[in-house]
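So the structure is just underneath, and the comments pick up after that.
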Amino acid sequence: MADKIKMKTPLVEMDGDEMTRVIWKMIKDILLEPYVELNTEYYDLGLENRNATDDKVTFDSAEATKKYGVAVKCATITPNAARMSEYNLKEMWKSPNGTIRAILDGTVFRTPILVKGITPFIPTWTKPITIARHAYGDVYKNVEMQAPAGSKAELVLTDKDGNETRELIHDFAGSGIIQGLHNHDDSISSFARACFNFALDMKQDVWFASKDTISKKYDHRFKDIFAEIFENEYKEKFEKAGIEYFYTLIDDAVARVIRSNGGYIWACKNYDGDVMSDMVATAYGSLAMMTSVLVSPDGVYEYEAAHGTVQRHYYRYLKGEKTSTNSVATLFAWSGALRKRGELDGTDDLVSFADKLEKATIGTIEEGVMTGDLAALSTIENKKTVDTEAFLVEVNKRLAELM
């Protein structure tokens with residue numbers, strides 16, 4: 001066999017949880033290590049290790065990503081009350097994705113992977129829709145409190161000279177809850193520029209949507225910053241490229257998206273992007289058929305699978321049962337990261353390997369070999385459903401031929 005492809009600079013590797021952690025190792029063993037001399041700086045973001053390190057490992061992995069410029073991340077658990085007892089956690093640790101996004105100040109771009117034989121649930125969607133998700137603040141950096149009966153909740157802003165401005169939120173006759181959200185103008189500006197730059201690269205229109213009619217200060221701020229940056233910095237570039245930017249309300253955007261043919265970038269605030277990317281991915285076929293990359297304003301890239309840790313399959317795997325878990329999004333996280341590493345380092349062999357890995361993966365599905373979730377959707381005749389590992393072995397057969 002030919003010499004393995006060398007990597008000049010390390011890639012930051014963030015391991016994860018449950019079934020996706022199992023798949024992570026399989027991908028490395030079957031598809032990567034036979035061809036590439038993997039050079040990674042490894043961080044274990046599995047929930048046990050996050051708990052053991054008081055979540056320091058998550059912060060360290062984000063700082064390493066800043067240092068090296070490219071990371072690849074496995075899906076991780078964001079704990080809820082049930083996970084607290086299951087993993088005997090010291091505290092309910094925050095979403096690792098939220099932490100990493102905040103440190104990198106990036107925008108998440110999620111695009112469905114289209115394959116022949118799987119028709120989107122929305123038949124007019126002939127081109128992929130990329131969801132651009134703001135990756136800082138809002139509900140992911142919120143402060144929450146329970147409000148006992150008889151309490152008064154106020155929004156208090158203290159300026160640099162100690163002067164207070166107060167707004168009544170609510171007088172609670174009965175008990176209730178409150179939530180405080182925030183964002184930064186700088187982060188919103190970075191989000192806008194990331195979307196406009198990505199649009200110019202992809203030669204695609206940008207749609208941005210929020211709810212400024214109801215949220216007359218918070219959401220309106222997003223609308224104003226986008227408009228100002230577009231007018232001052234991007235309008236002429238967009239006209240030259242033959243693409244457009246437009247703003248609409250989130251509810252109007254949803255209606256337009258459903259009636260569209262796809263082929264544009266839909267920019268969403270953090271929570272909207274979280275929800276809408278899952279909707280878009282499922283409508284195109286499967287959550288496991290979605291690429292996801294976090295791009296920071298200073299050109300740092302973090303590739304990840306945009307779905308969960310596949311807990312149900314993991315429990316079956318622990319019992320020794322075969323699972324048929326879709327690994328495509330995790331595979332494309334690796335291929336995306338390796339391609340970007342190769343591009344930044346001028347390692348053409350690595351870029352070519354990433355292209356071939358993706359071609360082999362799509363080819364496997366289009367030739368009728370796939371996991372159960374895709375078999376349920378595919379119109380290919382004589383399709384064959386295989387288990388998790390067998391699918392990766394099938395991809396490797398095609399990859400070996402391409403190599």
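Note on ring orientation: taking the six-membered ring where Trp is involved, the planes of F246 and W207 are tilted (angle from 30° to 60°). H170 and F172 have perpendicular rings, their planes meeting at more than 60° on a 0 to 90° scale where under 30° would count as parallel. Using the six-membered ring where Trp is involved, Y301 and Y303 have ring planes that are parallel, under 30° apart on the 30 and 60° scheme. Ring geometry, F222 versus H134: the interplanar angle exceeds 60°, so the pair is classed perpendicular (tilted spans 30 to 60°). Using the six-membered ring where Trp is involved, F196 and Y234 have ring planes that are tilted, between 30° and 60° apart.
Ionic pairing of K269 and D219 is present here: one or more N-O contacts between side-chain nitrogen and carboxylate oxygen are shorter than 4.0 angstrom. Between R341 and D345 there is a salt bridge, since at least one side-chain N of the basic residue sits less than 4.0 Å from a carboxylate O of the acidic one. Salt bridge absent: D15 and K28 never bring a charged side-chain N and a carboxylate O closer than 4.0 Å. Salt-bridge check for E18 with R83: passed, with a basic side-chain N closer than 4.0 Å to an acidic carboxylate O. Salt bridge annotation for E358-R339: present, with a cationic side-chain nitrogen under 4.0 angstrom from a carboxylate oxygen.
The shortest side-chain heavy-atom distance between F109 and I131 does not fall under the 4.5 Å cut-off. Residues R193 and I229 meet the side-chain proximity criterion, which asks for heavy atoms closer than 4.5 Å. A heavy-atom distance below 4.5 Å is found between the side chains of K356 and M403.
Aromatic rings from F238 and Y245 are positioned such that their centres are separated by 6.0 Å or more.
M289 approaches V115 most closely through the heavy-atom pair CE-CG1, 3.9 Å.
Using modelled atom types, one side-chain atom of S85 and one backbone atom of A82 make a donor-acceptor pair closer than 3.5 Å.
In this structure, E144 places its CD atom where more than 12 heavy-atom neighbours from other residues, nucleotides or ligands lie under 6.0 Å away.
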